[in-house]
2 protein chains.
Amino acid sequence: MSKTPIPKPTESELEILQVLWQHGPSTVRFTNDQLNQRREVGYTTTLKLLQLMLDKGLVLREDDSKTHVYRAAVREEETQGLLLDRFVDSAFGGSAMKMVMQALGNHPTSADELAQIRSLLNQIEEQRNGNSTSKPQNDEPA
Amino acid sequence: MSKTPIPKPTESELEILQVLWQHGPSTVRFTNDQLNQRREVGYTTTLKLLQLMLDKGLVLREDDSKTHVYRAAVREEETQGLLLDRFVDSAFGGSAMKMVMQALGNHPTSADELAQIRSLLNQIEEQRNGNSTSKPQNDEPA
DNA sequence: TTGTATCTACGACGACTTTCGTATATGTTT
DNA sequence: AAACATATACGAAAGTCGTCGTAGATACAA
């Protein structure tokens, strides 16, 4: 019954998690190479980070072979959700609405993406109303 | 032509900015009182923070009277936009879409808010298409 | 004038994060 | 075996952030 007490990853740890999420279980070498495509990071720096993340429970590792293989111990969406909560709280005073509006306003959004969002909105509304039909109702009954 | 080089506020600085945004120009005492409604913070801590923020250019102050009055030097939406960019980058690999979907999925959203978002989506689409009519088009023509 | 309350300025400490140098183990090649 | 490449472990430096103690200034009350 205890919720998983996921520790909040730091920015650098997030960078690493992105690599692991995207590419699956990886060696230190591979992870470091990926990071270096964006910015310069020393090998031992990446190693140390992964070791710390292991302590925190953010990653798991297999040391069957000489070279250890790390993989994410936290799921992408779960982690992002956690961070999102914190962020909405500290930057938007808790109003997720405000944040969504800002995001939609500031970032270029393709027509396809707009459609995706609309579809999600429909889903939410249907679930809220407990409808099993997909027919949209326009007004509340008088 | 130079974009305003707003330094990224830390979490504590954000807390203070929220107070200033919400209540307008404030003394250290008032600001500290506000903060203490949420958590315990020492007076000199708040003072120090405000002084640092003054150096960074995040706030301005008037020291006409003995007691200084601080006010936000950065606008709310601008700052939030800046932070949002950084956050989307580090937590969602740059995909604002993914983040919006998460936010809508995870947070309870009232019917009214859903309508607000729909309205915003319509606006965006109209602007993109350069339409002056507000008539919504339902389908793409076959 | 003397005491009291309230303010600003400033320095410093502890926690956390990121970074890297160095030591050491292990495997590989000649 | 000797030299070399590559891996992990560990300690520590450097920077940032939040916190607060203390000193000194200023106004006001008794």
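Every chain is numbered from 1 and lettered A, B, ... according to where its sequence line falls, protein lines coming before strand lines.
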(Q) Please confirm whether the shortest side-chain N or O distance from B/Q51 to OP1 or OP2 of C/dC10 is below 4.0 Å. (A) no

Q. Which is true for B/S12 with a 4.0 Å heavy-atom rule: it touches a base, it touches only sugar-phosphate, or it touches nothing?
A. sugar-phosphate

Q. For A/T45, which contact category applies under a 4.0 Å heavy-atom criterion: base, sugar-phosphate, or nothing?
A. base

**Q.** Whole-Å gap separating P (C/dA5) and NZ (B/K66)
**A.** 13 Å

Q.
If I take atom OH in residue B/Y70 and atom P in nucleotide C/dT8, what distance separates them, rounded to the nearest angstrom?
A. 6 Å

(Q) It should be established whether A/R29 places a side-chain nitrogen or oxygen under 4.0 Å from OP1 or OP2 of nucleotide D/dA7. (A) yes

Q) Parallel under 30°, tilted from 30 to 60°, perpendicular over 60°: which one fits the rings of A/F87 and B/F87? A) parallel

**Q.** Rounded distance in Å - CG (A/N36) to P (C/dT19)
**A.** 11 Å

**Q.** Proximity to the side chain of B/T44 - top-ranked nucleotide from C/dT26, D/dG21, D/dG11
**A.** D/dG21

Q | Contact under 4.0 Å: B/T10 side-chain N or O vs D/dG18 OP1/OP2 | A | yes

(Q) Closest-nucleotide mapping onto DNA chain C: is A/G42 or B/R61 further toward the 5' terminus? I mean the 5' end. (A) B/R61

Q: Please report, rounded to the nearest Å, how far the C1' atom of D/dC20 is from the CZ atom of B/R39.
A: 13 Å

Q) Is B/L52 touching bases, backbone alone, or none of the nucleic acid, heavy atoms closer than 4.0 Å? A) nothing

Q) Looking at C/dT18, D/dA7, C/dT8, which one has an atom nearest to any side-chain atom of A/L49? A) C/dT18

Q. Do the side-chain N or O atoms of A/Y43 get closer than 4.0 angstrom to the phosphate oxygens (OP1, OP2) of C/dT19?
A. no

Q. Could you give the CG-to-C1' distance, from B/L47 to D/dG18, as a whole number of Å?
A. 14 Å

Q) How would you label the contact of B/E11 with the nucleic acid (heavy atoms, under 4.0 Å): base, sugar-phosphate, or nothing? A) sugar-phosphate

Q. Between A/E13 and A/K8, is the closest basic N to carboxylate O distance under 4.0 Å?
A. no

Q. Among the clusters formed by ILVMFWY side chains lying less than 4.5 Å apart, do A/V69 and A/V59 turn up in the same one?
A. no

(Q) Using whole Å, what does the distance between atom C1' of nucleotide C/dA9 and atom CG of B/D63 come to? (A) 13 Å

(Q) Counting only heavy atoms from other residues, nucleotides and ligands, does the tally under 6.0 Å from CD of B/E77 exceed 12? (A) no

Q | A/K98 bridged to B/E113 by N-O distance under 4.0 Å | A | no

Q) Roughly how many Å is it from CE in A/M53 to P in C/dT18, rounded to a whole number? A) 10 Å

Q) Looking only at N and O atoms, is any donor in the side chain of B/K48 or the base of C/dG11 less than 3.5 Å from an acceptor on the other one? A) yes

Q: Write down the distance between CG (B/L35) and C1' (D/dC20), rounded to a whole number of angstrom.
A: 15 Å

